[in-house]
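Read through the structure below, which is laid out as structure tokens, and then see the notes.
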2 protein chains.
Amino acid sequence: MGTIDKALSLLDFFSESQSEIGLSDLARMAGYDKATVLRLMTALADRGFVEQNVKTRDFRLGPALLRLAHIREATLPQRASARPILERMSQESGETVHLLLLGRNHLETIDFIETSAHAMRVYMDAGERIPLHASASGLACLAHMPARDAERALSGALKSYTDHTITDPAEILSRLDDIRETGIAEIDRGFEDDVYGMAAPVFASDGRVTGAVGIATPCSRVTAAFRQTAHAIIRQAANDITRAWGGVAPEGQVAGTAA
Amino acid sequence: MGTIDKALSLLDFFSESQSEIGLSDLARMAGYDKATVLRLMTALADRGFVEQNVKTRDFRLGPALLRLAHIREATLPQRASARPILERMSQESGETVHLLLLGRNHLETIDFIETSAHAMRVYMDAGERIPLHASASGLACLAHMPARDAERALSGALKSYTDHTITDPAEILSRLDDIRETGIAEIDRGFEDDVYGMAAPVFASDGRVTGAVGIATPCSRVTAAFRQTAHAIIRQAANDITRAWGGVAPEGQVAGTAA
DNA sequence: GTTGTTCGGTTTAATATTTGAACCGCTGGT
DNA sequence: ACCAGCGGTTCAAATATTAAACCGAACAAC
């Protein structure tokens with residue numbers, strides 16, 4: 001594993017629930033020697049990617065991330081342009097909604113809105129990169145990427161997050177046809193217990209899948225009627241976000257027409 | 001120069017005016033071999049820090065930055081809590097206002113508001129890290145950090161950005177007493193031609209300077225009356241932001257009392 | 001007050017990673 | 001048709017990184 005990969009992997013340990021981490025803790029979490037972690041974090045700090053609390057010596061994410069994220073959003077306002085659509089989804093569905101972008105082999109949550117309609121709700125912690133095989137958004141992306149890319153993404157050991165996570169590539173691949181046809185991916189407790197996920201793909205201007213938008217709800221609130229309503233909301237949002245981003249759904253695969 | 005530093009330095013070439021950069025261009029800009037740059041960018045892409053346009057093969061900043069910036073802001077909402085204060089500054093001053101955080105030896109712009117009162121205005125491109133010696137915000141920080149830290153920050157060759165950039169450390173250090181006394185740093189064309197900058201420091205909870213807030217205006221609009229008005233606006237804003245962030249100005253150094 | 005544990009941080013011989021010149025096929029401009 | 005420059009690959013040589021052992025400090029338990 002390269003040095004850059006090691007260093008950047010350290011940033012993934014930070015989350016909303018764990019915003020400050022000490023040297024020894026981080027070394028344990030990462031599985032590297034303290035000396036190694038200190039050198040990697042010092043390099044990140046020199047460039048503003050992390051900063052160190054002067055008093056407690058704990059590390060936290062740094063201001064360079066704000067600056068670069070600002071540049072990214074200023075030049076490609078995906079989050080801003082999708083936000084009204086997420087707000088509409090949130091109001092219409094009454095559940096937590098989220099928007100993710102597709103990375104090399106994972107998804108990055110770039111925005112989400114927690115429902116305010118229920119006290120018991122699905123909370124998104126953006127700290128984790130989302131796996132493709134264990135999330136509705138991931139399956140939505142797998143279903144609409146070239147078959148070879150999907151197979152490659154499912155090679156290697158797939159992590160089990162709950163007792164319900166499907167980790168057999170053949171089983172996952174067999175579900176992708178149905179997802180393509182309906183335009184909606186659904187996962188029951190694949191990534192987190194008691195959470196039911198539904199998502200649809202968002203496409204780029206060249207017709208490739210670039211992300212997904214979805215709804216996450218406690219299993220107890222999932223009824224047939226709710227699923228039907230949610231499908232329509234998600235499809236509409238996916239189409240609207242694709243259009244807002246200047247994207248185009250690939251031919252023969254317009255999300256939602258099979259409904 | 002370490003590998004991590006090399007890789008992260010590549011991200012600094014991206015700006016709002018240059019959001020997509022090809023491999024050869026980036027290699028020239030960075031002064032590294034193309035093979036080196038490709039390897040570094042591939043490592044960054046694998047972690048979502050950059051992504052590569054499928055068609056043009058150009059690189060741009062990636063979604064991981066959005067995710068991590070979101071975590072940072074969710075756990076330490078500096079940008080969000082300062083935004084109303086910046087909006088007030090913008091309205092009261094009629095000029096471009098900006099907010100920066102102090103890194104190891106530079107400043108990161110985390111928010112700014114361009115004036116809408118004038119067609120001819122100072123535009124901030126957040127792409128660059130701001131030097132301490134050549135900016136009003138930088139001088140404001142230098143003036144309020146421990147003297148030893150300031151001297152260390154001014155060691156080494158200081159870059160000249162315009163014909164007016166002061167690069168003699170002794171001259172810069174001699175101006176810091178006055179800045180401490182008035183609470184306001186001012187620079188005339190130190191970083192960019194025709195731009196006059198004024199700024200005041202923002203403090204953290206331990207009394208250390210953590211950033212700065214300022215106004216940037218075309219030199220042609222700088223009058224004695226405007227400067228006086230601007231000083232009051234900046235002082236108020238610096239105090240308000242310090243308070244909003246749970247900070248406290250150090251004893252004997254409350255920004256603005258000397259006015 | 002004493003003892004033990006764990007913290008952040010340093011050192012450096014051993015080990016691993018990175019580098020970049022030369023090369024390739026492709027593309028666009030002339 | 002030709003040429004320049006693109007993105008990308010290769011691998012011997014060069015450079016950087018690693019982590020075990022160690023340190024002083026701080027805190028908790030007794």
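Quick note: numbers below take in every heavy atom, side chains included, and nothing from hydrogens, waters or symmetry partners. Below, read A as the first sequence line, B as the second, and so on, with proteins coming before strands; counting in each chain starts at 1.
With sequence neighbours excluded, the residues forming a side chain to side chain contact (heavy atoms under 4.5 Å, CB included) with A:Asp111 are A:Arg79, A:Arg83, A:Leu86, listed by chain and number. Residues satisfying the side chain to side chain donor-acceptor pair (under 3.5 Å) criterion with B:Thr75, sequence neighbours excluded, are absent altogether. Residues satisfying the side chain to side chain donor-acceptor pair (under 3.5 Å) criterion with B:Arg152, sequence neighbours excluded, are B:Asp149. Partners of A:Leu173 according to the side chain to side chain contact (heavy atoms under 4.5 Å, CB included) rule, which considers only residues two or more places apart in sequence or in another chain, are A:Ala150, A:Glu151, A:Leu154, A:Leu176. Taking A:Asp46 as the reference, B:Arg104 meet the side chain to side chain donor-acceptor pair (under 3.5 Å) condition, with sequence neighbours excluded. Every side chain to side chain contact (heavy atoms under 4.5 Å, CB included) that B:Ala35 has, sequence neighbours left out, goes to B:Asp33. Shown here are the side chain to side chain contact (heavy atoms under 4.5 Å, CB included) partners of B:Ala43, two or more places apart in sequence or in another chain: A:Ile4. Here B:Ser17 pairs with B:Ser15, B:Asp125 under the side chain to side chain donor-acceptor pair (under 3.5 Å) rule; sequence neighbours left out.
When the local axes at the two ends of the helix from C:dG1-D:dC30 to C:dT30-D:dA1 are compared, using 5 base pairs at each end, they differ in direction by 50° after rounding to 10°.
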Please write out each protein N/O paired with an N/O of nucleotides 8-10 of chain D under 3.5 Å, distance rounded to 0.1 Å.
residue, atom, partner, partner atom, Å
D:dG8, OP1, B:Gln52, NE2, 3.4
D:dG8, OP1, B:Arg57, NE, 2.8
D:dG8, OP1, B:Arg57, NH2, 2.5
D:dG8, OP2, B:Gln52, NE2, 3.0
D:dG8, N7, B:Lys34, NZ, 3.3
D:dG8, O6, B:Lys34, NZ, 2.7

Quick test: give all pairs of protein nitrogen or oxygen and nucleotides 27-30 of chain C nitrogen or oxygen below 3.5 Å, distance rounded to 0.1 Å.
none

Which atom pairs, one a donor and one an acceptor, fall under 3.5 Å between side chains of residues 19-26 of chain A and the rest of the protein, sequence neighbours left out?
residue, atom, partner, partner atom, Å
A:Glu20, OE2, A:Arg60, NH1, 3.1
A:Asp25, OD1, A:Arg28, NH2, 2.5

